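This is a predicted model, so every value here is computed, not measured. Indexing begins at 1, ligand by ligand and atom by atom, following the structure's order. As a basis for the values below, the full set of heavy atoms in this structure was taken, side chains included, without hydrogen atoms, waters or symmetry mates.
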Amino acid sequence: MPTVEADPGPFSFAPESTALLVIDMQRDFLLPGGFGESLGNDVAQLRCTIEPLTALLAAGRAAGLKIIHTREGHLPDLSDCPPAKLRRGPMIGKEGPFGRILIRGEYGHDIIDELRPEAGEPVVDKPGKGAFYATDLSKILDNDGIKSLIVTGVTTEVCVHTTVREANDRGYECLVIKDCVGSYFPEFQRVGLRMIAAQGGIFGWVADSPAVIAALQE
Ligand code: TIU
């Protein structure tokens, strides 16, 4: 069984029951000139994940891992966007540089070209930060007998954390890949990763992508 050197200890996984989860690698969050940058964020903090994630995706596909992508966003009429979210994110649904911000079907809502899903890879549209809330993710994982998740994407302390915390509660073993998750805030990236593996791996493990790729190629 592939085993990865991880924090707080070795992470072993069976490829046939492991999914590689790619969270919200969307143009609205990652493209220069996009929504994320318009809020004053430095998208370079997220874009540094693209290259390692491209390599990890290739290795995951070659090893036969199930690949699942997610996108955060809402219906065009915003009927699935809680008023409380809209109050603190009044730009959601407004016309942005890449179409209506975080609206399904818009150019900015879709996944960046470098990490385009391949045919047959599920793309889970989610209205919230977590990938389980109001989605079919749990059914998709159950139907394929998935027990372990290798988790990547953005942002570390928001959508990645929410998803991993719930996945852990649901009984999945989660390995978060530190160079394949990104935060606009270096401090949150550092502390967000520490939180996962602290206390003996309170809700997961943390490793870097070269260690996972090496384990997949063993
Ligand atoms: N995908 C995700 O993390 N959505 C966010 O809104 N993240 C922020 O950090 N804003």
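Under the side-chain contact (heavy atoms from CB on, under 4.5 Å) test applied with D125, the options H69, H109, H74 reduce to a single match, H109. With T156 as the fixed residue, the side chain to side chain donor-acceptor pair (under 3.5 Å) test singles out one of K178, Q189, H161, R190: Q189.
Ion pairing of K139 with D136 is present here, as a side-chain N (NZ or NE/NH1/NH2) and a carboxylate O approach within less than 4.0 Å.
A heavy-atom cutoff of 4.0 Å around ligand 1 is satisfied by the protein residues D24, F29, E72, K129, V154, T155, V158, C159.
By the 4.5 Å heavy-atom criterion applied to side chains, V176 and L193 are counted as neighbours. At least one side-chain heavy atom of I23 sits under 4.5 Å from a side-chain heavy atom of L21.
Looking at every heavy atom in both residues, F11 comes nearest to A6 through CB-CB, 4.2 Å.
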